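Read through the structure below, which is laid out as structure tokens, and then see the notes.
Because only heavy atoms are used, hydrogens play no part in the values below, and waters and symmetry mates are left out as well, while side chains stay in. It should be emphasised that the depicted structure is a prediction, and the values quoted were computed from it without experimental measurement. Read the numbers this way: they start at 1 and go in the same order the structure lists the ligands and their atoms.
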Amino acid sequence: MDLGLESSLWVGNKRYRAVLTGWHFKWTEVDKKNRDKKTVLVPVAEVAGVEEGRVEILPQKSVEDTDKDFTVFYVKRSSGGGSYGLLWRLGRIQFSCASRVLRDQWTKHLRAALKTHSPLRPHRLLVFINPFGGKKKGRQIYHSLVAPLFELAGISSHVIVTERANQARDHLLKKDLTGFDGVVCVGGDGMFSELLHGLIGRTQQEAGLCENDPAVALQPCPLHIGIIPAGSTDCVCFATVGVVDPVTSALHIIIGDSQPLDVCSVHDVSAQVRYSVSLLGYGFYGDVLAESEKHRWMGPLRYDYSGAVVYLSNRSYSGIVQYLPADPLLSSPRDKTRCLAGCSVCSRSTERLFPHSSDSGSLYSSHFSQFSTDSEGEWVSVEGRFRCVSLTCMSSSCARSPLGLSPSAHLADGTGDLILVWDTHPLGFLKFLYRHTSTQDQFDLPFVEVHRVKAVRFSVPSGREEQEYEEIGGFSSEIDEGQRECVDTVSRNGSQQHLAQRAMTSERKAATPFLCGLCCKKSPSVSVWNCDGEILPFTKIVCKIHGQLVRLYARGIEDGAAIRNSEERDECQRICILNSLK
Ligand SMILES: CCCCCCCCCCCCC/C=C/[C@@H](O)[C@H](COP(=O)(O)O)NC(=O)CCCCCCCCCCCCCCC
Ligand SMILES: Nc1ncnc2c1ncn2[C@@H]1O[C@H](COP(=O)(O)OP(=O)(O)O)[C@@H](O)[C@H]1O
Ligand SMILES: [Ca+2]
């Protein structure tokens, strides 16, 4: 069927020339002298629904069934929601046709174009709501903001309000999932993590693969994941959509957007596996999570409170970190680029990760080639005392840190960024943390290193695990020994880091009076791992990044930083549409 169509249509008493070209639907106001006025251009892929009659969805759905009218719902962008990302809202236009025949032609052609140009639109979704996530508004957010949009788009959803932790994960591992196109969580990063574990586990079970084996190349998941943000950090949503907004996320789900995402598998010696996408953190972030669990009643503020408590306790930990660097010719964590919608680094990675696929974006292509074609590089080893060791598969931007833990990380390039913050004096560490809140480079500090990696191993020097408490502070022999270890190991690895470490020793002496106030209590010698908001029950780990293991209903961040007024907003809509065509 030829999807193109062109005719005059009316909105109220204004005449429009409407054109459907297959990829685009546009309407231009025509004045009495037949001159063109303003045009609105909407990619067919961003049409949310087409309905006969004059349809309203708010305050509730109502249809005035006239036989010459039809209503089109589409994605409309607006700035807001912070300096990055664009809010999406539901645009609506009600057209009148000259005849019923023409009206039926328009609705038929538009619906056929939708099917052809956005094949991943979901028809049936499995939705899990965590009623206790974030500010406990999950149910309300879903029923008032999301369900009416799904209904409009003709999506049928099976909704489960969870009654316990891990219910969503267990459901995905065991229950019949036939007929579902995607799975949605209404909650925070913890709920997303449940879906991630459930779907990855289920996919490996069905493929007959052992997910606990770090040597296995995992099979990508066939079902898409949608996130309706209703949690505390909502980092996965922020970093993949650019804003934390339930309506924006619902619209990405409706139009069947697709964003692949790298996932890190975290294995312990007894072969248990966990997955992480946003933050795998030892030291500071592990301690913040452990502390925050005691203060869940505070809601999202528990992290700020616990962050301050842990910061003031001034801890550092010994560790041995080994990493397998990614190809430095492809990208670097300090190249000042940002992974935005249509990212070319990620697109090239798709071709590299799935070389035998005719459609380079296909989920179903062989994923096994990934490691056989990659030449295994050399592992690098460092040992010493760290304030924190963090690994992230993406930028991990969130409201607390709008550019994230690693601002130049990519969502789907098959690598992660390893951030090593060596022990330093308290003010230095505060500077590091504080830089996350602005555009200042948190890696441009002498005690910070960042590496783009494919795999990481971590262990605690022998004897430390059993040692329950130790003296801490810049003056104990423990720290001096740790400091020496660090200088030795790093210089063995031929890095310039040892110079910085030496400089740090004198900085630490300068900070002596400040430290005295803080460090007069005992502290544990071993921290815990924070795996996307969950405490891991093991310290020694092996991690591997699996490129594009899952897909989200998202498209990456649309850069809205330049948009300040409504005229620029229209321009932005145009630029975003042009970018989406590239
Ligand atoms: C001085 C200000 C310092 C601001 C430092 C901000 C760094 C923020 C990096 C955030 C990375 C987030 C990665 C996401 C992790 C989530 O998967 C995970 C689970 O989220 P969920 O509960 O929503 O399910 N979230 C977390 O683990 C939370 C980590 C949050 C860390 C916040 C740290 C706040 C630090 C405040 C320090 C204050 C020092 C004050 C000195 C007097
Ligand atoms: N019904 C429930 N009761 C208790 N815990 C739950 C329930 N449903 C989910 N959880 C757990 O709650 C934790 C936090 O959920 P999340 O939605 O991420 O909120 P937040 O962002 O506030 O931490 C997750 O680890 C999840 O496994
Ligand atoms: Ca990545």
Side-chain angles (χ1 to χ4, degrees), residues 128-136 138 160-169 185-195 197 227 229-239 260-264 276-281 284-293 296 299-312 326 331 333 339 343 345-346 349 390 392-406 408-417 426-427 429-438 442 452-454 530-535 545-548:
F128 294 98
I129 302 177
N130 175 3
F132 304 115
K135 295 181 184 147
K136 302 192 171 67
I160 297 174
V161 179
T162 60
E163 287 168 2
R164 61 172 177 89
N166 291 325
Q167 184 180 341
R169 182 199 66 188
C185 58
V186 184
D189 293 329
M191 268 312 267
F192 170 78
S193 175
E194 284 202 27
L195 302 201
H197 284 79
I227 306 172
S232 298
T233 316
D234 295 315
C235 164
V236 184
C237 176
F238 195 106
L261 199 62
D262 298 335
V263 177
C264 174
S276 157
V277 293
S278 60
L279 168 64
L280 181 66
F284 181 73
Y285 292 111
D287 293 353
V288 170
L289 182 66
E291 178 68 27
S292 75
E293 288 298 303
R296 256 201 176 267
L301 265 183
R302 68 189 183 279
Y303 289 129
D304 304 288
Y305 171 78
S306 309
V309 169
V310 172
Y311 170 78
L312 290 172
S331 63
C339 179
C343 171
V345 172
C346 292
S349 304
S390 314
T392 178
C393 287
M394 55 184 202
S395 71
S396 289
S397 51
C398 59
R400 274 186 196 84
S401 174
L403 292 177
L405 287 173
S406 188
S408 295
H410 291 273
L411 291 171
D413 66 339
T415 75
D417 287 353
L427 286 176
F429 188 53
L430 187 62
K431 197 190 245 182
F432 168 75
L433 290 175
Y434 186 72
R435 287 192 180 182
H436 286 78
T437 63
S438 69
Q442 64 262 34
R452 190 145 285 176
V453 300
K454 293 192 285 189
N530 172 346
C531 177
D532 288 8
E534 194 201 350
I535 295 173
I545 315 293
H546 300 262
Q548 308 193 0

Where does T392 meet ligand 1, judged by heavy-atom distances below 4.0 Å: at the side chain, the backbone, both, or neither?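 For T392, no heavy atom sits under 4.0 Å from ligand 1.
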Residue selection (non-hydrogen contact nearest [atom]) among [options]:
{"atom": "atom 31 (C) of ligand 1", "options": "Y305, F432, Y285", "value": "Y285"}
{"atom": "atom 32 (C) of ligand 1", "options": "R302, E534, R400", "value": "R400"}
{"atom": "atom 19 (O) of ligand 2", "options": "G133, C235, A230", "value": "G133"}

Which residue holds the protein heavy atom closest to [atom], what is that atom called, and what is the gap in Å?
{"atom": "atom 2 (C) of ligand 1", "value": "T437 CG2, 4.0 Å"}
{"atom": "atom 22 (O) of ligand 2", "value": "S232 OG, 2.6 Å"}
{"atom": "atom 8 (N) of ligand 2", "value": "T162 OG1, 2.8 Å"}
{"atom": "atom 6 (C) of ligand 1", "value": "H436 CB, 4.0 Å"}
{"atom": "atom 12 (O) of ligand 2", "value": "N130 ND2, 3.5 Å"}
{"atom": "atom 23 (O) of ligand 2", "value": "R302 NH2, 3.1 Å"}
{"atom": "atom 24 (O) of ligand 1", "value": "G190 N, 2.9 Å"}
{"atom": "atom 15 (C) of ligand 1", "value": "S278 OG, 3.8 Å"}
{"atom": "atom 27 (O) of ligand 2", "value": "E194 OE2, 2.3 Å"}
{"atom": "atom 17 (O) of ligand 2", "value": "G188 N, 2.8 Å"}
{"atom": "atom 20 (O) of ligand 1", "value": "T233 OG1, 3.0 Å"}
{"atom": "atom 3 (N) of ligand 2", "value": "F132 CD1, 3.4 Å"}
{"atom": "atom 25 (O) of ligand 2", "value": "G190 CA, 4.0 Å"}

Tell me whether M191 has any N or O atom under 3.5 angstrom from an N or O of ligand 2.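 Yes.
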With rounding to the nearest 0.5 angstrom, report the SG to OH distance, C531 to Y285.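 Between C531 SG and Y285 OH, I get 15.5 Å after rounding to 0.5 Å.
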What's the spacing between S408 OG and D417 CG if we round to 0.5 Å? 8.0 Å
Could you tell me whether ligand 2 has any atom less than 4.0 Å away from a heavy atom of K136?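 Checking ligand 2 against K136, which is what was asked, there is no heavy-atom contact under 4.0 Å.
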Does G134 have a non-hydrogen atom less than 4.0 Å from ligand 2? yes
Taking only heavy atoms of [X] into account, list the atoms of ligand 2 that are under 4.0 Å away from them.
{"X": "D189", "answer": "18 (O)"}
{"X": "G231", "answer": "21 (O)"}
{"X": "G187", "answer": "17 (O)"}

Taking only residues at least two apart or on different chains, which pairs with a member in residues 393-406 satisfy salt bridge (charged side-chain N to carboxylate O under 4.0 Å, His left out)?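 For residues 393-406, and leaving out neighbouring residues, the salt bridge (charged side-chain N to carboxylate O under 4.0 Å, His left out) pairs sorted by first residue read D304-R400.
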Which is it for [X] and ligand 2 at heavy atoms under 4.0 Å: side chain, backbone, both or neither?
{"X": "D234", "result": "neither"}
{"X": "R164", "result": "backbone"}
{"X": "R296", "result": "side chain"}

Residues forming a ring-ring contact (aromatic ring centres under 6.0 Å, His included) with Y305, sequence neighbours excluded: H295
According to side-chain contact (heavy atoms from CB on, under 4.5 Å), who are the partners of C235, at least two apart in sequence or on a separate chain? D189, T233, S278, M394, S396, C398
Identify which protein N/O/S atoms are less than 3.0 Å from the Ca ion (ligand 3). D262 OD2, C393 O, H410 O, D413 OD1, T415 O
F429 ring center within less than 6.0 Å of F284 ring center: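 Yes, the ring of F284 comes within the 6.0 Å limit of the ring of F429, centre to centre.
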